[in-house]
Number of protein chains: 2
Amino acid sequence: MSESDTRTLILDAAQDLIQRLGANAMSYQHLSEAVGIRKASIHYHFPAKQDLLAALIERYHGYFIGLVDRIIAEESDPARMLDRYIGLFEATLREGKHDKACLCGMLGAELASLGDEAVRGIRRFYQANQERLASILTRGRDAGVFRFSGDPATLAGLTFAALEGAVLVVRAEGGVRRFRALADELRRLMAG
Amino acid sequence: MSESDTRTLILDAAQDLIQRLGANAMSYQHLSEAVGIRKASIHYHFPAKQDLLAALIERYHGYFIGLVDRIIAEESDPARMLDRYIGLFEATLREGKHDKACLCGMLGAELASLGDEAVRGIRRFYQANQERLASILTRGRDAGVFRFSGDPATLAGLTFAALEGAVLVVRAEGGVRRFRALADELRRLMAG
DNA sequence: GTCTATAGCGCGATAGAC
DNA sequence: GTCTATCGCGCTATAGAC
């Protein structure tokens, strides 16, 4: 490990809090209680909240996109790729009390109240996801398992927005069960 | 007017701030500066932040669903209804500096940090929208202008989630132009 | 209905001992 | 690397004059 355990524990706690409550409702005090060390010690690892946020987004990007790239590498059927990609969002929703959304979906709402580095990180995350999705959709159309007439990059953007939006909406009503229904509908639309 | 002007001005300022920054980044101090009266005067109209939030959501519900119902009443072509419904989200994005999202889309992200009354209001708003959309989709399918195989209520949920998500995502990258592209793609999928 | 003034707290952040 | 202690600020909210 090049990362100290404490640093990782802080990032874990911050991610959990932000995915449930949002960045502006998460404080160093909350982190202190969750990790079991004092506020000042959190500041030792992440001097300013912006630093913590930027590090968190970068870690999340690597983790999430890493999973996506593995899916693309492991599967040969584009329909299976899409299923497993959607499964990543559902898995997030399933964690803990079923009230977690995608980290960058949450931060997207609070975008205008965040610093530049965080905003750039969120943008990069959105773009990386849409690139991977466009690749999956293109392969699927070529293989005849997806049917759509427009630009794959645009449909990728719509698909990503729908998944991010679905996670947020179903937290208010319907939960994981509802998310699955919406995801099934999305797959149906893709199949043409 | 049964509402005092000040009360309306406060609600206007609060809505603007929340649509851009989120509820947790909006404060009575910000409102005070925006409206031009003191913090204590804001508290006279809305004793607690929860009261302000609940009133705001209720007003937004009436305003937005009112527009939707008018669209449904005025149009005979379901495709036109959907276009104009989508136009409501685009119009929000077009306001001011093009950085406003749907009020309840923003609040959905911060849901777990809000009070019960606000949460109920947000849920009601989501449901009302999905009901209207389901009605539009059903008429469209019966008229042969939309083609889909699943339950209209489920496709309505996916459509609503996609629009809410799209507004949030395009604020980070692409703006109104990108939103229109995603919306066009959505219409294309509906047309089958 | 708006004001001044203030209470009381939580926030992000820093200094300096250990 | 973690601690105690503290600073200065912004927050929600209230009391009471006008």
Side-chain angles (χ1 to χ4, degrees), chain A residues 1-18 20-57 59 106-107 110-119 121, chain B residues 1-18 20-57 59 106-107 110-119 121:
Chain A
M1 307 258 184
S2 64
E3 305 280 17
S4 80
D5 277 345
T6 301
R7 190 186 152 92
T8 301
L9 288 174
I10 294 169
L11 288 172
D12 291 347
Q15 185 172 326
D16 177 79
L17 284 165
I18 296 177
R20 291 192 289 111
L21 306 172
N24 291 324
M26 180 271 291
S27 72
Y28 273 51
Q29 186 57 45
H30 292 141
L31 293 176
S32 162
E33 285 155 19
V35 177
I37 61 176
R38 296 301 201 158
K39 271 200 303 176
S41 308
I42 315 275
H43 279 286
Y44 168 80
H45 294 280
F46 302 100
K49 204 175 172 181
Q50 294 242 6
D51 305 320
L52 170 56
L53 226 53
L56 185 54
I57 293 167
R59 187 183 76 153
M106 294 293 284
L107 296 178
E110 299 180 297
L111 199 74
S113 69
L114 306 177
D116 287 351
E117 201 176 346
V119 171
Chain B
M1 307 257 185
S2 64
E3 305 279 17
S4 80
D5 276 346
T6 301
R7 191 187 150 93
T8 301
L9 289 174
I10 295 168
L11 288 172
D12 290 346
Q15 185 172 327
D16 177 79
L17 284 165
I18 296 176
R20 292 192 290 112
L21 307 171
N24 290 325
M26 180 272 289
S27 72
Y28 273 50
Q29 185 58 46
H30 293 141
L31 293 177
S32 163
E33 287 155 18
V35 177
I37 60 174
R38 296 300 202 159
K39 275 197 299 177
S41 308
I42 314 277
H43 279 285
Y44 167 79
H45 294 279
F46 303 99
K49 205 175 171 180
Q50 295 242 6
D51 304 321
L52 171 55
L53 226 53
L56 186 53
I57 294 167
R59 187 184 76 154
M106 294 292 286
L107 296 178
E110 299 180 298
L111 198 75
S113 69
L114 306 177
D116 287 351
E117 201 176 346
V119 171

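Sequence lines set the chain letters: A, B, ... in the order given, protein chains first and strands last, and positions in each chain run from 1.
- Between dT2(D), dA15(D), dT12(D), one nucleotide has an atom nearer to the side chain of Ile37(A) than all others, and that is dT2(D).
- Rounding to whole angstrom units, NZ of residue Lys49(A) and C1' of dT14(C) are separated by 18 Å.
- Rounding to the nearest 0.5 Å gives a distance of 10.0 Å between CG of Leu11(B) and NE2 of His45(B).
- A close approach under 4.0 Å does occur between a side-chain nitrogen or oxygen of Ser27(A) and OP1 or OP2 of dC11(C).
- Regarding Gln29(B), its CD atom lies at a distance of 12 Å from the P atom of dT4(C), rounded to whole Å.
- An OP1 or OP2 oxygen of dT2(D) is reached within less than 4.0 angstrom by a side-chain nitrogen or oxygen of Thr6(A).
- The nearest whole Å value for the distance from the CG atom in Asp51(B) to the C1' atom in dT12(D) is 12 Å.
- Residue contacts shown for Tyr28(B) are limited to sugar-phosphate atoms, with no base heavy atom under 4.0 Å away.
- Residues Asp16(B) and Asp12(B) form no side-chain contact, since every pair of their non-hydrogen atoms from C-beta on lies 4.5 Å or further apart.
- Along DNA chain C, the nucleotide closest to His45(B) and the one closest to Lys39(A) are compared, and the more 5′ of them pairs with His45(B).
- Note on Tyr44(A): every side-chain N or O is 4.0 Å or more away from OP1 and OP2 of dT2(D).
- Note: Ile42(B) CD1 to Leu52(B) CG = 8.5 Å, rounded to the nearest 0.5 Å.
- Phosphate proximity of dG1(D) to Ser41(A): absent, as no side-chain N or O sits under 4.0 Å from OP1 or OP2.
- Here the C1' atom of nucleotide dG1(D) and the NE2 atom of His43(A) are 15 Å apart, to the nearest Å.
- As rounded to whole Å, 16 Å separates atom P of dC11(C) from atom CG of Leu53(A).
- The distance from atom CG of Leu31(A) to atom C1' of dT2(D) is 16 Å, rounded to the nearest whole Å.
- The backbone N or O of Asn24(A) sits less than 3.5 Å from a side-chain atom of Glu110(A), completing a donor-acceptor pair.
- Separating the CG atom of Asn24(A) from the P atom of dG10(C) is a distance of 18 Å, rounded to the nearest angstrom.
- Across the protein-nucleic acid pair, Arg38(A) atom CZ and dT14(C) atom C1' stand 16 Å apart, rounded to whole Å.
- Distance CE/Met26(B) to CZ/Arg20(B): 11.5 Å, rounded to 0.5 Å.
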